[in-house]
Number of protein chains: 2
Amino acid sequence: MAPTSETLTAARILEVTEEVLRRHGPAKATVVDVARALGVSHGSVYRHFRTKAALREAVTERWLDRTSASLSGIAAEGGRDPEARLRDWFTALFTAKRHKAGDDPELFATYMVLIGENSAVVDRHIADLTIQLTGIVQDGVERGVFASAAPATTARALFDATGRFHDPCYARDWEQPGIDAEFEAVVELVVRGLRA
Amino acid sequence: MAPTSETLTAARILEVTEEVLRRHGPAKATVVDVARALGVSHGSVYRHFRTKAALREAVTERWLDRTSASLSGIAAEGGRDPEARLRDWFTALFTAKRHKAGDDPELFATYMVLIGENSAVVDRHIADLTIQLTGIVQDGVERGVFASAAPATTARALFDATGRFHDPCYARDWEQPGIDAEFEAVVELVVRGLRA
DNA sequence: CGACTGACAGATATTGAAATCTGTCAGTCG
DNA sequence: CGACTGACAGATTTCAATATCTGTCAGTCG
């Protein structure tokens, strides 16, 4: 509760804003709330973030980047079988998104606000993930286990085809019983489609 | 404008309700509007449909069934190559949905209201389409051109994997320039995954 | 008798006035 | 000087009063 009396930094604002968003949700959280939690006036917050939208984006970007970072480990395991890595990557993506939606509903709602605003942060996140996928596909092509004339296009198709298991607009379905079987069926289908 | 003075039937109510929904949209259209357009009291409408939701569902069901019916022609062309039929079916589905969203925005919005209500009409529509797909897959398996241990599961996976091109939650993207290339890439991927 | 009406109760939507919030900036303070 | 404050204008949200709508049903009419 008692705010540290250190100098105000962008990092500290992000930290506190994330907590405020988690508590109040994107609909109720105000810049004044954030300032109060920091023990400063709201004018000080505007010194570090030009608008409320920019603050919301920065918090969500950090939150999304934590997912990207954890997946990049799998994508970069150069030694392992590309097909196994691809399956693990999709499984990890699905698991991560499902947890974000289930365990952190307010930040997930904030993420959906960004989608509604067509924020560049969302595009960047998708681009990040697609680049990771492209790496795995390319690796598979080089080893002769995958067939793809244009790995970036193929990666995008893989991402699109699995949207049901990572796109926020399907979040409601991720708790449904049959969803894991559906996931397996789609992954099986696209992996088969990728094999050389 | 001048309402026919025939007896009031469910069919006539549906006809007029569709027109009222098209004009006012699901947010503004009221049962009173429908009754006025029919030249009767709103009590008479309730004689044929128990609730406003039931009326909305019936109109949307008719509207969705027109799509299903046009696709079932392709699914049932027993003579043709299953792969070509599958590609044509997906193309026709994408085209139909895109036109519904673009040319009939108010009825499309009504459809999205039903989705929000978890209406059985939507489930039935998806089940209809999946059954058509299952038929094509099964046909391909029998001819030895497709590989599938469980055609119904595979059909569902095909439907899920192509969601970006028929699920209403993506309607905004259907006017974007790159969408046709994305569609081709996904269809290519899943068709390859289906081949024997 | 059976299709239809219209008044009605409770639920929902609309409206406009008051409260709060966003973003700015002149001024304070160390 | 530069980080911070707090009063301010305009935009947005809230809230309560008001109007409209949904769904029912006793009663009318052919």
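Values in this document were obtained by computation on a predicted structure and should not be read as measured data. The analysis underlying the following values was restricted to heavy atoms, covering all of them including side chains, and did not include hydrogens, waters or symmetry mates. In the text below, chain A, chain B and the rest are named by the order of the sequence lines, each starting its count at 1.
You'll find that the side chain of A:Thr51 is closest to C:dG23, out of C:dG23, D:dC4, C:dC4. Across C:dT24, C:dC4, D:dG23, the shortest atom-to-atom separation from the side chain of A:Tyr46 is found for C:dT24.
In this structure, CZ of A:Arg56 is placed 9 Å from P of C:dG23, rounded to the nearest angstrom. Whole-Å rounding puts the B:Lys52 NZ to D:dG23 P distance at 8 Å. Separating the CZ atom of B:Phe49 from the C1' atom of D:dT22 is a distance of 16 Å, rounded to the nearest angstrom. To the nearest angstrom, P of C:dG23 lies 11 Å from CZ of A:Arg50. One can place CZ of B:Arg36 at 11 Å from P of D:dT22, the figure rounded to the nearest angstrom. At whole-Å resolution of the value, CG in A:Leu38 and P in D:dT5 are 10 Å apart. As a whole-Å value, the separation of A:Asp33 CG from C:dT22 C1' is 13 Å. In this structure, B:Arg47 atom CZ and C:dG2 atom P are separated by 10 Å, rounded to whole Å.
Side chain B:His42 to base C:dG6: no donor-acceptor pair is found below 3.5 Å.
Taking every heavy atom of both residues into account, B:Arg192 and A:Ala147 meet most closely at NH2-CB, 3.7 Å.
For the salt bridge (Lys or Arg N to Asp or Glu O under 4.0 Å) with A:Asp173, the lone residue among A:Lys97, A:Arg164, A:Arg98 that qualifies is A:Arg164.
Counting any heavy atom pair closer than 4.0 Å across all strands shown, B:Thr30 reaches sugar-phosphate atoms only and no base atom.
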Full working for side-chain contact (heavy atoms from CB on, under 4.5 Å) between B:Leu93 and B:Phe165:
CA-CA 8 Å; B:Leu93 177 60; B:Phe165 312 103; over 6 Å; no
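Both B:Ala53 and A:Ala27 lie close to DNA chain D; mapped to their nearest nucleotides by heavy-atom distance, the more 5′-ward contact belongs to A:Ala27.
A rotation axis mapping the C1' atoms of four pairs onto the next four is fitted at both ends of the helix from C:dC1-D:dG30 to C:dG30-D:dC1 over five pairs, and the angle between these axes is 10° to 10 degrees.
Taking 4.5 Å as the limit, some side-chain heavy atom of A:Leu194 sits within range of a side-chain heavy atom of A:Thr154.
Contact check, A:Ser44 against D:dT5: a side-chain N or O comes under 4.0 Å of OP1 or OP2. A close approach under 4.0 Å does occur between a side-chain nitrogen or oxygen of B:Ser41 and OP1 or OP2 of C:dT5.
Atom CD1 of B:Ile136 sits about 5.5 Å away from atom CG of B:Leu86, to the nearest 0.5 Å. The CZ atom of A:Phe159 lies 7.5 Å from the CG atom of A:Leu133; values are rounded to the nearest 0.5 Å.
Of the possible polar contacts, none joining the A:Asp128 side chain to the A:His125 backbone as a donor-acceptor pair under 3.5 Å is found.
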